[in-house]
Amino acid sequence: MRNFNVTAVSVDSKQIVIDKNEAAVRLKIPRNYTNETVSRCEENLRRVLNCKYAYINVSVQMKSDNICDLGFGDIESYDLAKALKGCNEAYILGVTIGIGADRLIQKLAVTSPAESFITDALASAAAESLCDYADNILRKEGEKPFRFAPGYGDMPLSYQPAVLEALNADYTLGIRLNGSLLMTPMKSITAILGIKK
């Protein structure tokens with residue numbers, strides 16, 4: 001695998017607006033909710049957020065209708081190839097809200113399982129919001145092909161190590177993989193963002 005020029009960015013957590021609709025779906029509550037406990041959980045979560053993202057710009061080479069090369073080997077995925085159709089370039093993106101969220105969720109699991117559940121849902125929504133924030137900075141306005149990631153559609157999760165290695169994610173974001181290919185911190189996301197010009 002070649003070395004990529006990785007850009008890493010820290011984001012003030014105040015800039016991340018947790019999407020209430022995303023949180024409501026995860027909490028299985030009405031979208032127009034107002035709830036004192038949820039508000040308190042969000043306040044406590046915000047205190048521990050450490051938002052970062054890292055990205056690389058890669059060329060997209062289509063080898064067939066289900067194989068593409070993003071610079072770290074052939075990826076066999078019809079769904080990814082379809083998402084990148086018409087794209088000559090892409091961003092490989094990694095985001096995390098940090099290990100503090102994991103620790104808070106684990107602590108609350110002992111002291112208040114309900115607040116642990118709420119905080120977990122809010123943390124997932126925060127990670128998605130951070131991903132949206134980075135995506136909007138990188139791809140700006142205009143057509144944005146579908147955001148794709150290992151483990152989505154027919155793209156196996158087994159590509160996750162190559163994506164994280166390309167991002168030097170252990171160093172840039174503090175993200176590590178366990179034996180089941182799950183990321184730590186848990187509220188971390190990788191994505192492939194096609195660029196149409």
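Computed from a predicted structure; not experimentally measured.
- Within the 3.5 Å criterion, the main-chain N or O of Glu89 finds no donor-acceptor partner in the side chain of Ser59.
- Here CD1 of Ile99 is found 7.5 Å from CE of Met186. Values are rounded to the nearest 0.5 Å.
- For the atom pair Gln160 CD and Ser180 OG, the distance stands at 13.0 Å (nearest 0.5 Å).
- Counting heavy atoms from C-beta outward, Gln15 and Cys51 have side chains that stay 4.5 Å or more apart.
- Judged as a side chain to side chain contact (heavy atoms under 4.5 Å, CB included), and not counting sequence neighbours, the contacts of Ala8 are Ala54, Thr172.
- Distance CG/Leu93 to CD1/Ile189: 8.5 Å, rounded to 0.5 Å.
- Distance check, rounded to the nearest 0.5 Å: OG1 of Thr96 to NZ of Lys52 gives 8.0 Å.
- You'll find the side chain of Glu165 stays beyond 4.5 Å of the side chain of Asp170, heavy atoms only.
- Scored by the salt bridge (Lys or Arg N to Asp or Glu O under 4.0 Å) test, Arg139 finds Asp135 as partners (sequence neighbours excluded).
- For the atom pair OG1 (Thr190) and CD1 (Ile175), the distance works out to 8.0 Å, reported to the nearest 0.5 Å.
- Although no hydrogens or angles enter the test, the distance criterion places no donor-acceptor pair under 3.5 Å between the side chain of Asp120 and the main chain of Ser116.
- By the neighbour-count criterion of 12 heavy atoms within 6.0 Å, atom CG of Asn5 is sparsely surrounded, having that number or fewer from other residues, nucleotides or ligands.
- Under a 3.5 Å cut-off, the side chain of Ser129 and the backbone N or O of Asp19 do form a donor-acceptor pair.
- Pairing each heavy atom of Met62 with each of Ala81, the nearest pair is CE-O, 3.3 Å.
- If you look at Tyr53 and Tyr91, their ring centroids are not closer than 6.0 Å.
- Glu36 CD: 12 or fewer foreign heavy atoms inside a 6.0 Å radius.
- Using a 4.5 Å cut-off on side-chain heavy atoms (C-beta onward), Arg47 and Glu43 make contact.
- Within the structure, the salt bridge (charged side-chain N to carboxylate O under 4.0 Å, His left out) test picks out no pair touching residues 177-186 (sequence neighbours left out).
- In terms of the side chain to side chain contact (heavy atoms under 4.5 Å, CB included) criterion, residue partners of Val38 (sequence neighbours excluded) are, by chain and number, Leu27, Tyr33, Asn35, Ile118, Leu122.
- The distance from the CG atom of Asn66 to the CD1 atom of Ile75 is 12.0 Å, given to the nearest 0.5 Å.
- A salt bridge does not link Lys20 with Glu42: none of the charged nitrogens is closer than 4.0 Å to a carboxylate oxygen.
- Screening residues 74-85 for side chain to side chain donor-acceptor pair (under 3.5 Å) gives Lys63-Asp74, Ser77-Asp154 as the qualifying pairs, with residues at least two apart or on separate chains.
- Among residue pairs with one or both ends in residues 153-175, none qualify as ring-ring contact (aromatic ring centres under 6.0 Å, His included); sequence neighbours excluded.
- Atom OH of Tyr133 is surrounded by more than 12 heavy atoms from other residues, nucleotides or ligands within 6.0 Å.
- Taking 4.5 Å as the limit, every side-chain heavy atom of Asn44 sits out of range of all side-chain heavy atoms of Leu108.
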